[in-house]
There are 2 protein chains.
Amino acid sequence: MSGANHPEQERQPYAPTPRPGGRSARVRADVVTATLAEVAEKGYDGLTVEAVATRSGVHKATLYRRWGGVDGLVADALTASADQPWPLPDTGDLRQDLRRITQEVFSVFTDPDLGPTPTALISAAQRSDAGAAALHAFFTARHRQAAEVAERAVARGELPAGTDGAEVVRAATAPLYYRLFVTGEPLDARTAERAADAAALAARAGLFTSALAAEEAHAKPNTTTPQGN
Amino acid sequence: MSGANHPEQERQPYAPTPRPGGRSARVRADVVTATLAEVAEKGYDGLTVEAVATRSGVHKATLYRRWGGVDGLVADALTASADQPWPLPDTGDLRQDLRRITQEVFSVFTDPDLGPTPTALISAAQRSDAGAAALHAFFTARHRQAAEVAERAVARGELPAGTDGAEVVRAATAPLYYRLFVTGEPLDARTAERAADAAALAARAGLFTSALAAEEAHAKPNTTTPQGN
DNA sequence: CTCGTAATGCGACTTGAGTCGCATTACGAT
DNA sequence: ATCGTAATGCGACTCAAGTCGCATTACGAG
């Protein structure tokens, strides 16, 4: 039981090797590519180490040695995927920005071509500790990146100072992921809009200000942040 | 091979059998109990058919025949769990009711004794189609039941007519499940409160009214919905 | 009570995931 | 260019999950 909120310890599935350049790097790239392709084709249940070994041309034993199994393969693929940033909207209006974000999530996951890969990847990641850690890191990075739309809104005076931007993003996207990965309910564009609007509304009301950040903001002579009742 | 009339039906998991009373029912109850116990102890990854067979005293082959595997065991356990209703708050105030609900979710899943079982159950259910269907049914029932707090708020005049009660409940609980089952971020009581408050706020603003339902509510105060074509 | 039938018990069999020890290859330094 | 070493290739081995055909038991109807 660790109550630490500071997961500074992000360790990649394989230890930094004394021979990082050359073949090892090539092998890793091939394996990640093969893993993503396999997941996209067969989903997680159809994902086997042997299939990845065959497709990548890397021997089965090597995969088990370096990645430990399907868990590690998925975790590493997820880590590699996390590096690719996605476009961040900047319309000048918080609600519009959030709508763009939820719309983007909706589009990706419901697209019959694009959707299966991240869907299977996320489902797969929930099964193992390594995958869960990679998934946590993935979303932490996403939240941190997307929090900028809220921070800009704060700078504009649209949101109270001390607003937790990542929390705003979570509030906007949570209903989508909730349907996709928990209840299995259908997801439509209207739901994506409503979620964004609800998050914007709550953020404007000051629901996502952390007490600590609010105090810091009070010290500054700029904005008064009345705690919404 | 003629045999045109060969009504050989595939035995579906726990389909209504021609002999529902007696031993079959007892076997099923034992298996469900054993499955829940195993899941609680070892999580999903440690859940094997053999272990359930040993604990329940039912032979392995029987489990595979009737439940098809770990998937079916989990799905059936989930279905059995869905029958147990949980307490619905009625404080006379929507925000308070929603806070109670999110607080309940928070308590259950973070409790070191109670949490592991539903957590593992939900995680497990996401893996198979049967489990996903059972999970979907489970949450549909929960939403339907909990929607009453919103419907009472409508009756009180606290919420606009035509508000989708289930959607209000989803908005309140989604951030919790999002953290628990998608991002793996820690969950605290404050988050549970904020989610409830945000949902209440959005509901009061009329964000969860479906245009259709609102029109119907306007047209006739009677809640009867005509069916037919 | 007796009997027909469905459900379960039983154990051998098949299959594939995962491991191990050793041979071979390729990187990087001298 | 050559060599030491780490990483990969290789195939046999272990073991548990899952399947199959048959024997046995228990339910329910007459």
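The chains referred to below are lettered A, B, ... by the order of the sequence lines, with proteins before strands, and numbering in each begins at 1. What you see is a predicted model; the values in this text were computed from it and never measured.
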A:W67 ring centre to A:R28 NZ or CZ under 6.0 Å, with the angle to the axis within 45°? no
Which whole-number value in Å describes the distance from B:R28 CZ to D:dC27 C1'? 19 Å
side-chain N/O B:R66 vs C:dA7 OP1/OP2, d < 4.0 Å: no
Rounded to whole Å, please give me the gap between CG in B:L63 and P in D:dG18. 11 Å
Out of D:dG18, C:dA17, C:dG9, whichever nucleotide has its closest atom nearest the side chain of A:Y64: C:dA17
Nearest of D:dG21, D:dT19, C:dG11 to any side-chain atom of B:R65? D:dG21
When the distance from CH2 of A:W67 to C1' of C:dT19 is rounded to whole Å, what number comes out? 18 Å
When both hydrogen-bonding distances must be under 3.5 Å and the geometry is Watson-Crick or G-U wobble, what is C:dA23 paired with, if anything? D:dT8
Using whole Å, what does the distance between atom P of nucleotide D:dA17 and atom CG of B:D71 come to? 14 Å
Check every atom of C:dA17, D:dG18, C:dC10 against the side chain of B:H59 and return the nucleotide holding the closest atom. C:dC10
Categorize A:G57 for me: base, sugar-phosphate, or nothing, with a 4.0 angstrom heavy-atom threshold over every strand shown. sugar-phosphate
Among D:dT8, D:dG11, D:dG18, the nucleotide that comes nearest once only the side chain of A:T62 is considered: D:dT8
Just by modelled atom types, is the A:V52 backbone N or O under 3.5 Å from a matching donor or acceptor in the A:S56 side chain? yes
Taking the minimum atom-to-atom distance to the side chain of A:A61, which one of D:dC10, D:dG9, C:dG18 wins? D:dC10
What's the closest nucleotide to the side chain of B:K60 if the choices are D:dG18, D:dG9, C:dT8? D:dG18
A:H143 and A:E167 side chains, donor-acceptor separation under 3.5 Å: no
If you count heavy atoms of other groups shown closer than 6.0 angstrom to CG of B:D129, is the number above 12? no
